[in-house]
Structure formats: C-alpha cells, structure tokens
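Below is one structure, written out as structure tokens; comments come after it.
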Amino acid sequence: TYSHELLCTELSSKRMLPYISQIKAREVAEFETWVRHRGEEFMFMLSGALTLYTEHYRPLHMKAGDSVYYDSGMGHGCVSTSTQDAMVLWVSLEL
C-alpha cells in the first residue's frame, strides 16, 4: 500500500520520525485492517492527490500543498486518487 523512504536515519534516538512515502493503494479494500499506532502524525502532500480515510471522520480529499495533523491511534489509511502515485512527507511523533 505504501513505500517509505526514512529521512535523518543517522539519528538513533529520536521521537519524531520523518519519511517520504509513495502511496500505492488505489482502494480501501487493499488494507487488511486500519493502520494505527501510538502517537501523532503530520502529513504534507508533495504531489498527486489522495483520500485519507479515518475511522472517526469523513474521508479527506487532499492535493499537492495540503496538510493534515491527526492522532495516529485512530485507524487511518491513504488511497491515491491521481493517475500517478501520490507522494507525501509524513512526520510521526511517538508519545
């Protein structure tokens, strides 16, 4: 569903985890379960378009330049809606 490129890998003990992701999923059905983990996430759209699905809110349609911040303990998943895979900058913060 996603391909991740971790950033700043030379730092071993950090609370923030920055990475660039290619969103490959095209349908929610591609996820076996909701993605969820401790912490919070910031996502910034670099290119393409996607829909962010969450278990508590309506689907959020996003395009390049849009951003969102959410509790990552809430089930979530992203699906590309553009012709090419969407690219995002994600920053996860483990609390």
The test is side-chain contact (heavy atoms from CB on, under 4.5 Å); show your working for His76 and Val68 and say whether it passes.
CA-CA 12 Å; His76 59 280; Val68 64; over 6 Å; no

Mind checking what makes ring pair (Phe, Tyr, Trp, His ring centres under 6.0 Å) contact with Tyr53, not counting sequence neighbours?
none

Between Glu55 and Gly75, is there a donor-acceptor pair closer than 3.5 Å when you use the side chain of the first and the backbone of the second?
yes

Donor-acceptor pair, distance only, cut-off 3.5 Å: does the side chain of Ser80 make one with the backbone of Ala86?
yes

Taking the side chain as every heavy atom from C-beta outward, state whether Met87 and Ile20 have any atom pair closer than 4.5 Å.
yes

Is Met16 atom CE crowded by more than 12 heavy atoms from other residues, nucleotides or ligands, each under 6.0 Å away?
no

Got Trp90 and Pro18 here, is their nearest side-chain heavy-atom distance under 4.5 Å?
no

Under 4.5 Å between side-chain heavy atoms, hopping through other hydrophobics if needed: is there a path connecting Tyr2 to Leu89?
no

Using side-chain heavy atoms (C-beta onward) and a distance below 4.5 Å, is Leu46 in contact with Val88?
no

Let me check something: any side-chain donor-acceptor pairs from residues 7-14 under 3.5 Å, sequence neighbours excluded? List them with distances.
residue : atom : partner : partner atom : Å
Lys14   : NZ   : Cys8    : O            : 3.1
Lys14   : NZ   : Leu11   : O            : 2.8

Check whether any side-chain heavy atom of Ser92 sits under 4.5 Å from a side-chain heavy atom of Phe42, and report yes or no.
no

Hydrophobic clustering (ILVMFWY, side-chain heavy atoms < 4.5 Å, transitive) - are Tyr70 and Leu93 grouped together?
no

Once salt bridge (Lys or Arg N to Asp or Glu O under 4.0 Å) is applied, do any residues pair with Arg26, and if so which ones, sequence neighbours excluded?
Asp85

Evaluate Tyr57 against Met74 for side-chain contact (heavy atoms from CB on, under 4.5 Å), listing each step before the verdict.
CA-CA 10 Å; Tyr57 299 99; Met74 169 183 62; 3.6 Å; yes

How would you list, by chain and number, every residue that makes a salt bridge (Lys or Arg N to Asp or Glu O under 4.0 Å) with Asp71, sequence neighbours excluded?
none

Check: Arg38 side chain, Glu94 main-chain N or O, donor-acceptor pair, under 3.5 Å:
no

Verify the cluster assignment for Val91 and Met45: are they in a single hydrophobic cluster under the rule of side-chain heavy atoms below 4.5 Å apart?
no

With Ser3, which residues qualify under side-chain hydrogen bond (donor to acceptor under 3.5 Å, both in side chains), at least two apart?
Lys24

For Glu27, give me all partners under salt bridge (Lys or Arg N to Asp or Glu O under 4.0 Å), at least two apart in sequence or on another chain.
none

What are the two closest heavy atoms between Phe31 and Ala25, and how far apart are they?
CE1-CB, 3.9 Å

Looking only at atom types and distance, does a side-chain atom of Ser82 sit under 3.5 Å from a main-chain N or O of Gly48, one as donor and one as acceptor?
no

Contact check, side chains of Leu60 and Met43, non-hydrogen atoms, under 4.5 Å:
no

Between Tyr69 and Phe44, is the ring-ring contact (aromatic ring centres under 6.0 Å, His included) condition met? List the steps.
CA-CA 9 Å; Tyr69 191 101; Phe44 180 82; over 10 Å; no

Can you tell me how far the OG1 atom of Thr81 sits from the NZ atom of Lys63, to the nearest 0.5 Å?
11.0 Å

Atom OG1 of Thr1 and atom CD of Gln22: how far apart are they, to the nearest 0.5 Å?
11.5 Å

For the CG atom of Leu50 and the CG atom of Asp66, what is their distance to the nearest 0.5 Å?
9.0 Å

